[in-house]
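Read the structure below first, then the notes.
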Protein chains: 2
Amino acid sequence: MSLRNAVMATLLDGESSGYDLAKAFDASVANFWMCTPQQLYRELDRMEADGLVAARVVEQERRPNKRLFSLTGKGVEELSRFTAAQHKPAAIRDELLVAVMAADSGDLEAVKASITRRRRWAEAKVERYERLRAKLLGGRTEEEFLATAERVGPYLTLLRGLSFERDNVRWCARSLTVLERRGARLDAAT
Amino acid sequence: MSLRNAVMATLLDGESSGYDLAKAFDASVANFWMCTPQQLYRELDRMEADGLVAARVVEQERRPNKRLFSLTGKGVEELSRFTAAQHKPAAIRDELLVAVMAADSGDLEAVKASITRRRRWAEAKVERYERLRAKLLGGRTEEEFLATAERVGPYLTLLRGLSFERDNVRWCARSLTVLERRGARLDAAT
DNA sequence: TCAACCTAGTCAACAAGTTGAGTATGCGAG
DNA sequence: CTCGCATACTCAACTTGTTGACTAGGTTGA
């Protein structure tokens, strides 16, 4: 029920097509609300039917037409009601951690390779987020930004993503060290 | 498809009932694989049908009977195959972050209250994880533990949970400060 | 010039996750 | 003596999320 709210929170930045929303999600919202483009298109249709967003078709040359969605008054109200509600605890699903939990009786080398991939991925995320942060700050210091910006919400969620990925990088490094030593021990035992 | 694998990774610790698995998940696996007890019971039935786990009924006095599940050889193989596979990127869904993103046009006070609740919850998690860690170490130093333990996987996933929740506490504190200041600014503007 | 990728979607089928209720007993605190 | 919590589940209905295939023109690089 709350992909809707994530979409509406993104539309606070102004009207957007389903395609652009998908990219925006991928770039920054994915950190706390993952979804596929298909989910977005389906949900946008439902939201339009429920009067939370309004769509207008923009005809384009040399490109397929697109539908731009914007928040309606009802949408803003709904979103506001959501912010006042009780929220479910966060749900995380991470296959890599499942594999690490089973690493001792599984394919140790493959798990180490997976952690290395994850680490590189997290490092790339950190860089992206830092670029996004610099863009949001727009040359101002954080203090200046917080004192003058209209919205601080997206900045705070970005900070959460940033420290989450930094933490990921640290954990990957630590785990690799531990598993490396374990591998050496097991080799010595044979 | 990989709740199965999370269940099997847990069963590496020995046979367990659906009810106990639910508690184990709630206590430590929930950190990277949330699920409801109903999901577990359903999945265990399917896993039994697929020959990944074996069940035996234990009749109890003064208590309902229970079915204890244990990994079969096929289950161990499947799990090992999983550790060698490519893993999907982690999926996170956190309503609180959605609310924070929309806080600027929503109910600021309610969002602050939600962050405070989350912070207390995260602090409680940190304590639980620290107790679990002490229990795993069993008086040994981390170094001793890593050198002698049969399994290091569950320890590594526990470390991930621990630093995730510590990070949560920090982020909650920081966000509250920022939103507090913003509230003061908006009050001054009226 | 051919392949690959970008824009901007749609449709259908299936898998997974959530919610609420129901069953039955035992134990301890107030 | 009753209320609530713990044990140990089951069933059914519903909502979400995932996967793969399809359309169709435009741009970029080898």
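Below, each value reflects all heavy atoms present in this structure, side chains not excepted, and no hydrogens, waters or symmetry copies. Numbers restart at 1 for each chain; the letters A, B, ... are given by sequence-line order, proteins then strands.
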> Judged by atom type as modelled, is there a donor-acceptor pair below 3.5 Å linking the side chain of A:T72 to the main-chain atoms of A:G75?
Replying inline: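 Present.
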> Is a side-chain N or O of B:N5 found less than 3.5 angstrom from the main chain of B:L79, in a donor-acceptor match?
Replying inline: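 Side chain of B:N5 to backbone of B:L79, a donor-acceptor pair under 3.5 Å: no, none is there.
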Salt-bridge test for [X] and [Y]: reply yes if a basic N is under 4.0 Å from a carboxylate O, no otherwise.
X      : Y      : result
A:R182 : A:D104 : yes
A:R56  : A:E15  : yes
A:R133 : A:E130 : no
A:R81  : B:D107 : no
B:E78  : B:R4   : no
B:E77  : B:K74  : no
A:R160 : B:D167 : yes
A:E165 : A:R120 : no

>> Counting the atoms with a prime plus P, OP1 and OP2 as sugar-phosphate, which does A:R67 contact under 4.0 Å by heavy atoms, base, sugar-phosphate, or nothing?
In response: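 Answer is sugar-phosphate: A:R67 comes under 4.0 Å of backbone atoms only.
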>> Using side-chain heavy atoms (C-beta onward) and a distance below 4.5 Å, is A:D45 in contact with A:R67?
In response: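 Yes. Closest side-chain heavy atoms under 4.5 Å.
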>> With no hydrogens and no angle check, just 3.5 Å: does a side-chain donor-acceptor pair link B:R170 and A:S163?
In response: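 No, A:S163 and B:R170 have no side-chain donor paired with an acceptor closer than 3.5 Å.
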> Would you say the side-chain atoms of B:S114 and B:R117 include a donor-acceptor pair closer than 3.5 Å?
Replying inline: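 Per modelled atom types, B:S114 and B:R117 side chains form a pair under 3.5 Å.
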>> When you group the ILVMFWY residues by side-chain heavy-atom contacts below 4.5 Å and let the links chain together, are B:L68 and B:L71 in the same group?
In response: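 Not linked; separate clusters.
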>> Taking the nucleotide of DNA chain D with the nearest heavy atom to each, does B:Y19 or B:D45 sit closer to the 5' end?
In response: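 With B:Y19 and B:D45 compared, the 5'-side residue is B:Y19.
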>> Using heavy-atom distances to pick each residue's nearest nucleotide on DNA chain D, tell me which of A:S2 and A:P64 is more 5'.
In response: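 By nearest-heavy-atom nucleotide position, the 5'-most residue is A:S2.
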> Contacts to DNA chain D from residues 76-102 of chain A, heavy-atom cutoff under 4.0 Å, which residues?
Replying inline: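 Going residue by residue through residues 76-102 of chain A, none turns out to have a heavy atom under 4.0 Å of DNA chain D.
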> Which residues in residues 24-41 of chain A have at least one heavy atom lying under 4.0 Å from any atom of DNA chain D?
Replying inline: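 Residues of residues 24-41 of chain A that come under 4.0 Å of DNA chain D are, in numerical order, A:T36, A:Q38, A:Q39.
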> If an axis is fit to five pairs at each end of the helix from C:dT1-D:dA30 to C:dG30-D:dC1, what is the angle between the two, to the nearest 10°?
Replying inline: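 It works out to 50° between the end axes.
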> Taking only residues at least two apart or on different chains, which pairs with a member in residues 160-190 of chain B satisfy ring-ring contact (aromatic ring centres under 6.0 Å, His included)?
Replying inline: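 The answer is A:F164-B:F164.
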> When the nearest nucleotide of DNA chain C is assigned to A:F69 and to B:R63 on a heavy-atom basis, which residue is associated with the more 5' position?
Replying inline: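 This one resolves to A:F69.
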>> What range of DNA chain C does chain B touch, first nucleotide to last, counting atoms under 4.0 Å from its heavy atoms?
In response: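 Nucleotide range with atoms under 4.0 Å of chain B: C:dA16 to C:dC27.
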> Reading DNA chain D 5' to 3', which nucleotide is the first, and which the last, to come under 4.0 Å of any heavy atom in chain B?
Replying inline: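 Using the under 4.0 Å cut-off, the span is D:dA6 to D:dT19.
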